[in-house]
Amino acid sequence: MDNCIFCKIIRGEIPSVKVYEDDDVLAFLDISQVTPGHTLLVPKKHVPDIYAYDTDLATRVFSHVPEIARALKQAFPEAQGLNICNNNGELAYQSVFHSHIHFVPRYTSDDGFKMHWANNADQYDQASLTAIAAKIKSALAKEEVE
Ligand code: 5GP
Ligand code: ZN
């Protein structure tokens, strides 16, 4: 992918501050450093988003998540938490269309990172939740066939 910024980083065509690399993945500091230690994990293979992973690639990439999380915890013992995010689609705040996982160590409630989780539980009853689950289960069943 000639114009992909993360492919360019992987090929060493533009600089990055690397924290881990093997044949399958690269982890490097996010230039924005939302909080100190903000790290990105990317597959070396260009895949635009989560929908494009096959099981093998997912295993090779996502199996590194716990070790990077533990490394950040050890490197920044003052951090009180860690948010791990994978944005898919512009609406979901994806701006670079080479799939990546954010690791954002959390230091204080006003450290620069925010997530808002609306609680809409009062708008759902058992029947509507069951109907939602049925749609997902049916789609999953098709995934298993493919
Ligand atoms: P997204 O918004 O797609 O979830 O995250 C993309 C991330 O890539 C952003 O947090 C942004 O700061 C980071 N980023 C964009 N360009 C570069 C770059 O050239 N170098 C590094 N290290 N990070 C980048
Ligand atoms: Zn790419």
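On a predicted model such as this, the values are computed, not experimentally measured, just so you know. Whatever order the structure lists them in is the order used to number ligands and atoms, beginning at 1.
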Q: Please step through side chain to side chain donor-acceptor pair (under 3.5 Å) for the pair His98 and Asp49, ending with a clear verdict.
A: CA-CA 6 Å; His98 179 131; Asp49 51 36; over 6 Å; no
Q | Stepwise side-chain contact (heavy atoms from CB on, under 4.5 Å) test for Gln80 and Thr108 | A | CA-CA 7 Å; Gln80 303 291 309; Thr108 62; over 6 Å; no
Q: I would like to know whether Arg106 and Phe113 meet side-chain contact (heavy atoms from CB on, under 4.5 Å); could you show each step before the answer?
A: CA-CA 8 Å; Arg106 300 302 310 282; Phe113 182 92; 3.3 Å; yes
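Counting only heavy atoms of the protein, atom 23 (N) of ligand 1 lies nearest to Ile31 N, 3.2 Å. Ranking the protein heavy atoms by distance from atom 1 (P) of ligand 1 puts His100 NE2, 3.1 Å first. From the protein, the heavy atom lying nearest to atom 3 (O) of ligand 1 is Ser95 N, 2.6 Å.
Across Pro105 and Leu82, no two heavy atoms sit closer than the pair N-CD1, 3.6 Å. Across all non-hydrogen atoms, the minimal contact from Phe6 to Val42 is CD1-CG1, 3.8 Å.
If you put the vertex on the Zn ion (ligand 2), SG of Cys4 and SG of Cys7 sit 120° apart, to the nearest 10°.
Residue contact annotation: Ile9 has a non-hydrogen atom under 4.0 Å from ligand 1. Within the 4.0 Å heavy-atom cutoff, Phe6 counts among the residues contacting ligand 1.
Within the 3.5 Å criterion, the main-chain N or O of Gly37 finds a donor-acceptor partner in the side chain of Gln33. The closest donor-acceptor contact from the side chain of Tyr107 to the backbone of Gly81 lies at 3.5 Å or more, if one exists at all.
Side chains of Ser128 and Asp125: a donor on one and an acceptor on the other come within 3.5 Å. Remark: the Asn86 side chain and the Asn88 side chain contain an N/O donor-acceptor pair separated by less than 3.5 Å.
Inter-residue side-chain proximity for Ile101 and Val65 is flagged as met; some heavy-atom pair is nearer than 4.5 Å.
Looking at Tyr93 against ligand 1, only its backbone comes within 4.0 Å, counting heavy atoms. With a heavy-atom cut-off of 4.0 Å, Ser16 does not touch ligand 1 at all. In Asn87, the part holding a heavy atom less than 4.0 Å from any atom of ligand 1 is the side chain. Heavy atoms of Val34 found under 4.0 angstrom from ligand 1: none, in either backbone or side chain.
Counting atoms of ligand 1 from 1 in the listed order, those under 4.0 Å from a heavy atom of Ser32 are 10 (O), 12 (O). Numbered from 1 in the order shown, with element, the atoms of ligand 1 that lie under 4.0 Å from a heavy atom of Phe28 read 21 (C), 22 (N).
The Zn ion (ligand 2) sits nearest to atom ND1 when only the N, O or S atoms of His46 are considered. Among the heteroatoms counted here (N, O or S) of His98, ND1 is the one nearest to the Zn ion (ligand 2).
Relative to atom 15 (C) of ligand 1, the option among Val96, Asn88, Leu29, Leu40 with the closest non-hydrogen atom is Val96. Here the shortest heavy-atom distance to atom 9 (C) of ligand 1, taken over Val17, Asp30, Ile5, belongs to Asp30. Nearest-heavy-atom check against atom 4 (O) of ligand 1 across His98, His102, Lys8 picks out His102.
Here the NZ-CZ distance, from Lys44 to Arg11, works out to 12.5 Å after rounding to the nearest 0.5 Å.
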